[in-house]
Protein chains: 2
Amino acid sequence: MSEWKLNNYISVDCVVFGFDFEQLKVLLVDRVLKDEKTGNELFSDLTLTGNHIYEHESLEDAAARILFDLTGLENIYLKQFAAFCDPDRLKRPNDQAWLRASGRDPNSRIISVGYYSLLATKNVTLKWKGRNVKWYPVSEIKDLAFDHYNILQSALVALRRELLYEPIGFELLPEKFTLSQLQKVYEVILGVNLDKRNFRKKVARMKYLIPLDEKQKGVAHKPARLYMFSREVYEKTRKEVLDFNI
Amino acid sequence: MSEWKLNNYISVDCVVFGFDFEQLKVLLVDRVLKDEKTGNELFSDLTLTGNHIYEHESLEDAAARILFDLTGLENIYLKQFAAFCDPDRLKRPNDQAWLRASGRDPNSRIISVGYYSLLATKNVTLKWKGRNVKWYPVSEIKDLAFDHYNILQSALVALRRELLYEPIGFELLPEKFTLSQLQKVYEVILGVNLDKRNFRKKVARMKYLIPLDEKQKGVAHKPARLYMFSREVYEKTRKEVLDFNI
DNA sequence: AATCATAAGTGTCGTTTAAACACTTTTTAT
DNA sequence: ATAAAAAGTGTTTAAACGACACTTATGATT
């Protein structure tokens with residue numbers, strides 16, 4: 001057993017969550033491996049969006065870069081949630097073939113740090129035209145390449161927990177949103193049904209949720225009032241709000 | 001800017017928290033650098049306990065190994081809380097000298113994954129006799145080597161948060177403990193004073209806190225009833241308990 | 001043996017939050 | 001004009017929170 005391991009590679013995997021007012025989605029890349037000579041497709045599966053880090057780049061910067069390359073957006077909500085390091089995490093046959101085909105030592109060890117980010121899908125125009133990147137409903141995903149299914153599940157757990165205790169639901173919505181849309185965020189991510197009146201009573205206590213003098217337009221029902229999230233109010237009041245749920 | 005970075009080193013840093021019924025403490029190593037020729041001490045400062053990972057070892061296993069080497073204990077509570085990757089995290093003069101003296105390229109990049117662990121100091125006999133490892137009160141620590149002060153603060157934030165939402169206070173106490181000792185855990189870590197009667201009402205609702213037919217001995221006051229934590233009851237009831245504090 | 005010092009242990013009340021529950025209103029589409 | 005769709009709104013009961021003070025059991029001291 002060597003004292004420590006050289007040639008560990010560090011990569012960042014981004015679990016890019018998106019919300020379209022109906023479902024929680026995640027950005028996945030279609031990984032296609034073709035036979036070098038014949039050009040026949042050997043296999044095709046899906047991966048999270050990820051990349052190795054540059055030499056003078058922090059993990060956070062690498063994650064932001066990946067997101068920028070995908071969406072052209074900056075200052076997206078990004079949260080590191082875990083590091084993945086199982087020595088056998090890239091040892092499945094497809095993954096080994098993929099590593100060989102892309103010129104990497106299939107025995108090298110790649111440690112990956114996971115970030116999740118939150119977006120409203122309608123804010124996003126996917127930029128990474130060179131590859132096949134699309135939104136997929138999280139609930140329909142059965143398996144992914146590498147250990148990415150595991151990473152995704154781990155991101156989901158972290159997201160649920162974060163959502164329960166921090167105001168991050170807004171990050172999955174456009175700047176202006178309705179209370180029903182916000183409620184749906186909680187319902188979809190936590191997998192529960194919430195009572196509309198109780199939900200509204202609860203959010204009414206959140207000072208950082210600012211009602212606007214503006215309503216939905218073009219909907220075939222009573223138009224809802226729009227709200228926005230005020231980060232300033234949140235930062236100001238977060239210390240007061242800290243209560244100890246022992 | 002290279003496509004990705006070779007020769008990243010991965011290490012694990014363990015923030016080993018201990019509790020002695022009075023204070024929160026942390027295990028630190030006295031890092032002494034001596035001049036190669038004269039043997040004079042060039043500097044001495046404190047680091048967290050950490051190590052590089054072995055070739056076929058997961059991060060979790062590496063953290064458990066470090067803990068075992070320190071204390072001889074297994075199955076200690078261990079929680080990964082963050083990865084530290086700032087490209088300049090080892091660039092202070094002492095750190096550079098230390099890396100050179102220990103035969104490492106001072107320009108190599110070391111990415112460190114942080115774990116914190118929880119122990120009752122009275123359960124522990126420190127084993128790592130070769131080096132100077134001791135408990136230090138967390139509240140008295142002003143600076144540490146490398147970016148370890150930053151890592152420690154980050155561990156503290158993670159610990160406080162975890163303590164608010166999960167029953168981990170027990171991990172800092174002996175198997176059998178009194179309610180006042182448990183209350184003290186919360187008070188010290190969260191930095192608050194709690195009302196004894198309200199605290200007891202609250203913990204009375206925790207089914208996994210088992211009162212024993214046993215009392216403290218040898219104390220110069222009314223002896224307290226002893227309790228223990230039941231992991232089985234906790235696992236059974238945790239799903240019921242999940243409520244959504246939206 | 002009596003007293004002291006120390007921490008354990010215990011209950012009430014007013015306030016806040018949680019959870020269950022149904023109807024009216026406003027808009028667009030037909 | 002009417003229908004369809006989602007917005008918006010209040011009450012009641014139960015549980016939890018937060019503030020607050022005295023009695024009890026033990027070992028130490030005299």
Side-chain angles (χ1 to χ4, degrees), chain A residues 19-23 163-165 167 173-174 176-188 190-207 209-228 237 240-246, chain B residues 19-23 164-165 167 173-174 176-188 190-207 209-228 237 239-246:
Chain A
F19 188 68
D20 61 2
F21 305 123
E22 290 295 332
Q23 282 183 296
L163 185 64
L164 284 175
Y165 305 123
L173 294 170
K176 298 171 181 181
F177 52 85
T178 72
L179 293 186
S180 294
Q181 290 166 349
L182 184 60
Q183 181 176 338
K184 189 80 180 170
V185 167
Y186 284 89
E187 291 183 327
V188 167
L190 301 176
V192 292
N193 288 317
L194 299 172
D195 179 87
K196 186 163 40 160
R197 281 173 289 190
N198 291 339
F199 181 82
R200 282 162 191 247
K201 262 182 283 175
K202 189 124 186 175
V203 298
R205 272 177 249 133
M206 303 173 174
K207 301 285 170 51
L209 187 59
I210 313 292
L212 303 174
D213 287 330
E214 208 174 330
K215 297 192 170 179
Q216 275 185 314
K217 274 172 196 152
V219 287
H221 55 76
K222 178 171 175 177
R225 178 187 285 274
L226 296 176
Y227 287 76
M228 58 183 291
T237 56
E240 307 163 23
V241 169
L242 235 195
D243 61 303
F244 301 100
N245 291 311
I246 295 163
Chain B
F19 187 68
D20 61 1
F21 306 122
E22 290 294 330
Q23 283 182 297
L164 284 176
Y165 306 123
L173 293 170
K176 300 173 180 181
F177 51 86
T178 72
L179 293 187
S180 295
Q181 290 166 349
L182 184 61
Q183 181 175 338
K184 189 79 180 174
V185 166
Y186 284 89
E187 291 183 325
V188 166
L190 301 175
V192 292
N193 288 318
L194 298 172
D195 179 87
K196 186 166 35 161
R197 281 173 290 188
N198 292 338
F199 180 80
R200 281 160 192 248
K201 260 183 288 177
K202 188 122 189 177
V203 298
R205 271 176 250 131
M206 303 173 175
K207 301 284 170 52
L209 188 59
I210 313 292
L212 303 174
D213 286 329
E214 210 174 326
K215 297 193 171 183
Q216 277 185 313
K217 274 174 197 153
V219 287
H221 56 75
K222 181 172 176 178
R225 179 185 284 274
L226 296 177
Y227 288 76
M228 58 183 289
T237 56
K239 278 127 206 171
E240 308 164 23
V241 169
L242 235 193
D243 61 302
F244 301 101
N245 292 309
I246 296 164

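Any value given below was found using the heavy atoms of this structure, including those in side chains, with hydrogens, waters and symmetry copies removed. Residue numbering restarts at 1 for every chain, and letters A, B, ... go by the order of the sequence lines.
Here the P atom of nucleotide D:dA7 and the CG atom of A:L226 are 11 Å apart, to the nearest Å. Between A:L179 atom CG and D:dT9 atom C1' the separation is 12 Å, expressed in whole Å.
With hydrogens and angles disregarded, no donor-acceptor distance shorter than 3.5 Å links the side chain of B:Q216 to the backbone of B:L226. A:R225 places a side-chain N or O within 3.5 Å of a backbone atom of A:L212 that can act as its donor or acceptor partner. Between the side chain of A:Q183 and the backbone N or O of A:F199, no donor-acceptor pair lies under 3.5 Å.
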Return a single string for nucleotides 21-30 of chain D, one symbol per nucleotide in 5' to 3' order, where B is base contact, S is sugar-phosphate-only contact and - is none, cutoff 4.0 angstrom on heavy atoms. B--BBBSS--
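Among the protein residues, B:R225 comes within range of the sugar-phosphate backbone only, with heavy atoms under 4.0 Å from sugar or phosphate atoms but none that close to a base.
Counting heavy atoms from C-beta outward, A:I210 and A:Y227 have side chains that stay 4.5 Å or more apart.
The two residues A:D195 and A:N198 make their nearest non-hydrogen contact at OD2-N, 2.8 Å. Here the shortest heavy-atom pairing between A:L190 and A:L163 reads CG-CD2, 4.1 Å.
Annotation: A:Y165 is in aromatic contact with B:Y165 [ring centroid separation under 6.0 Å].
Across the interface with DNA chain C, nearest-nucleotide mapping of B:Q216 and A:D195 shows B:Q216 to be the residue nearer the 5′ end.
Remark: B:R200 is not in phosphate contact with C:dT10, judged by side-chain N or O atoms under 4.0 Å from OP1 or OP2. Of the side-chain N and O atoms in B:S180, one or more sit less than 4.0 angstrom from OP1 or OP2 of C:dA8.
With rounding to the nearest 0.5 Å, the separation of CD in B:Q181 from NZ in B:K176 is 13.0 Å. Rounding to the nearest 0.5 Å places CE of A:M206 at 7.5 Å from CG of A:L182. For the atom pair CZ (B:F21) and NZ (B:K184), the distance works out to 12.0 Å, reported to the nearest 0.5 Å. One distance of note links CG of B:L194 with OH of B:Y186; it measures 9.5 Å at 0.5 Å rounding.
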Distances under 3.5 Å only, N/O to N/O: pair up the protein atoms with those of nucleotides 12-14 of chain C.
unit_1 : atom_1 : unit_2 : atom_2 : d
C:dT12 : O4     : B:K201 : NZ     : 2.9

I'd like a list of close polar pairs between nucleotides 13-16 of chain D and the protein, N/O only, cut-off under 3.5 Å.
none

